[in-house]
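Following: one structure in structure tokens, then a few remarks.
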Amino acid sequence: METFDEFVDRLRDIQQREYVETHRAGNTGIGKTLEDLLGIEENNIPGPDAVGVELKSTRRQSHNLTTLFTKEPPRDKRNLWNQELVRELGYVDDKDRQALKATIEPDSPNSLGFFLTYDEGSVSVSHEEYGICATYPLDLLRDTFEGKMPELVMVVADSKKVDGREHFHYNEAYHLDGFDGDRFLELMRDGVITLDLRMHVKDNGNIRNRGTAWRILDDNRLDEAFAERTPLL
């Protein structure tokens, strides 16, 4: 495929095939199968999947947490982070390590006391006892999201089991463009976009931070974070 039109034609051919058996068991089967059908070689290198566009596939009515991007707050907006955050507000995990792994949603503190607060220009990681731990300017989130997904093709599939194997019918697709910061905040306020802390202290005393992840609970609503939504199928 050399052009976007050729890419769309290939998607329409796949739609006509109706249900296709998954090429891989598990949650990632939907993406792997679509990439194989499109002739896209699998790799772990960040960047566009095909003809300059990021490709994402999702099961209809999926409710899986999907990582949008990972991003740490700016250093000058951290009141308590990394080593200090884990040691002050973390817990001892089942491997006897000081750890802090938690999903944070807006307004209501989780079991560890964390919640998200926001205003028109920023989002903060807050704690019911400590207060604001760190703040993300909305412009930073916008730039990060646009860098990860400047434009996106989202393909939706129906899923069913046949003889114990999942099958997909890829029958809906949209071209999404233009990150909408206001809608991003609305999705966060609705609890659709959450934040995951993923840290622990290693045996040598250093911090292991797997990346603070902004995630979407229902990836069928990912299109709402974009200003432009053009149907392809």
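Sequence positions, counted from 1, serve as the residue numbers for this chain.
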Checklist entry - Would you call the rings of H127 and F114 parallel, tilted or perpendicular if under 30° counts as parallel and over 60° as perpendicular? => result perpendicular
Item to check | L152 side, atom CG; E54 side, atom CD - distance, nearest 0.5 Å | outcome: 6.5 Å
Checklist entry - More than 12 non-hydrogen atoms from neighbouring residues, nucleotides or ligands closer than 6.0 Å to CZ on R60, yes or no? => result yes
Checklist entry - Is the closest side-chain heavy-atom distance between R78 and E72 below 4.5 Å? => result yes
Checklist entry - Is there a donor-acceptor contact under 3.5 Å linking the side chains of T33 and D36? => result no
Checklist entry - Only one of L197, N209, D93, I207 forms a side chain to side chain contact (heavy atoms under 4.5 Å, CB included) with L100, so which one is it? => result L197
Next on the checklist: Salt bridge check, E35 against K32: does any charged N sit closer than 4.0 Å to a carboxylate O?
Outcome noted: no
Checklist entry - Do any N or O atoms from the side chain of R12 and from the backbone of L232 form a donor-acceptor pair under 3.5 angstrom? => result yes
Checklist entry - Charged N to carboxylate O under 4.0 angstrom, R142 versus D139? => result yes
Next on the checklist: Can you see whether E166 engages S159 through a side-chain donor-acceptor pair at a distance of less than 3.5 angstrom?
Outcome noted: yes
Checklist entry - Can you list the steps and then say if L89 with L112 is a side-chain contact (heavy atoms from CB on, under 4.5 Å)? => result CA-CA 8 Å; L89 302 177; L112 296 174; over 6 Å; no
Next on the checklist: Tell me whether N204 at atom CG has more than 12 heavy atoms from other residues, nucleotides or ligands lying less than 6.0 Å away.
Outcome noted: yes
Item to check | Same apolar cluster (I L V M F W Y, side chains within < 4.5 Å links), I14/V20 | outcome: yes
Checklist entry - What pair of heavy atoms forms the shortest contact from F115 to E128, and how long is it? => result CE2-N, 3.7 Å
Next on the checklist: Please tell me whether L85 and V92 are part of a single hydrophobic cluster in this structure, the criterion being side-chain heavy atoms less than 4.5 Å apart.
Outcome noted: no
Checklist entry - Between V153 and I40, is there a shared hydrophobic cluster once you connect ILVMFWY residues whose side-chain heavy atoms come closer than 4.5 Å? => result yes
Item to check | Within 6.0 Å of CG in D203, more than 12 heavy atoms from elsewhere | outcome: no
Checklist entry - Looking at R221 and L187, what are the two nearest heavy atoms and their distance? => result NH2-CD2, 3.7 Å
Item to check | Side chain to side chain, L55 and F7, heavy atoms closer than 4.5 Å | outcome: yes
Item to check | Residue pair K56 / L176, side-chain heavy-atom distance below 4.5 Å | outcome: no
Item to check | Flag for E105-T194: side-chain donor and acceptor within less than 3.5 Å | outcome: no
Next on the checklist: Using the rule given for side-chain contact (heavy atoms from CB on, under 4.5 Å), can you reason through L222 versus L68, listing the C-alpha separation, both sets of side-chain angles and the distance that settles it, and then say yes or no?
Outcome noted: CA-CA 9 Å; L222 181 58; L68 301 175; 3.5 Å; yes
Item to check | side-chain contact (heavy atoms from CB on, under 4.5 Å) between D180 and E224, worked out | outcome: CA-CA 8 Å; D180 188 328; E224 297 179 33; over 6 Å; no
Item to check | Close side-chain approach of Y130 and E88, heavy atoms under 4.5 Å | outcome: no
Checklist entry - Does V8 share a hydrophobic cluster with L34, counting links as ILVMFWY side-chain heavy atoms below 4.5 Å and allowing steps through other members? => result yes
Checklist entry - Any donor and acceptor pair, going by atom type alone, linking the side chain of R183 with main-chain N or O of A227 inside 3.5 Å? => result no
Next on the checklist: Does atom CG (D96) have a neighbourhood of more than 12 heavy atoms from anything else shown, all under 6.0 Å?
Outcome noted: no
Next on the checklist: Taking the side chain as everything from C-beta on, heavy atoms only, tell me whether Y118 gets closer than 4.5 Å to D107.
Outcome noted: yes
Checklist entry - Is the backbone N or O of F168 less than 3.5 Å from a side-chain atom of R59, with the two atoms forming a donor-acceptor pair by type? => result no
Item to check | Residue list, side-chain hydrogen bond (donor to acceptor under 3.5 Å, both in side chains) with R229, at least two apart or on another chain | outcome: Y174, D223
Next on the checklist: Less than 4.5 Å apart, side chain to side chain, heavy atoms only: is that true for T58 and M154?
Outcome noted: yes
Next on the checklist: Does any part of the side chain of P73, heavy atoms only, come nearer than 4.5 Å to the side chain of V125, both counted from C-beta?
Outcome noted: no
Next on the checklist: Any side-chain to backbone donor/acceptor pair from H167 onto T22? Under 3.5 Å, distance only.
Outcome noted: no
Checklist entry - Would you say Y170 and F4 are hydrophobically clustered, going by side-chain heavy atoms of ILVMFWY under 4.5 Å? => result yes
Item to check | Close side-chain approach of V192 and E186, heavy atoms under 4.5 Å | outcome: no
Checklist entry - Is K71 close enough and on-axis enough to Y136, meaning under 6.0 Å and within 45°, for cation-pi? => result no
Checklist entry - Run the side-chain hydrogen bond (donor to acceptor under 3.5 Å, both in side chains) check on T117 and S126 step by step: do they pass? => result CA-CA 7 Å; T117 56; S126 298; 3.0 Å; yes
Item to check | Worked check of side-chain contact (heavy atoms from CB on, under 4.5 Å) between L38 and L11 | outcome: CA-CA 7 Å; L38 288 167; L11 283 177; 4.1 Å; yes
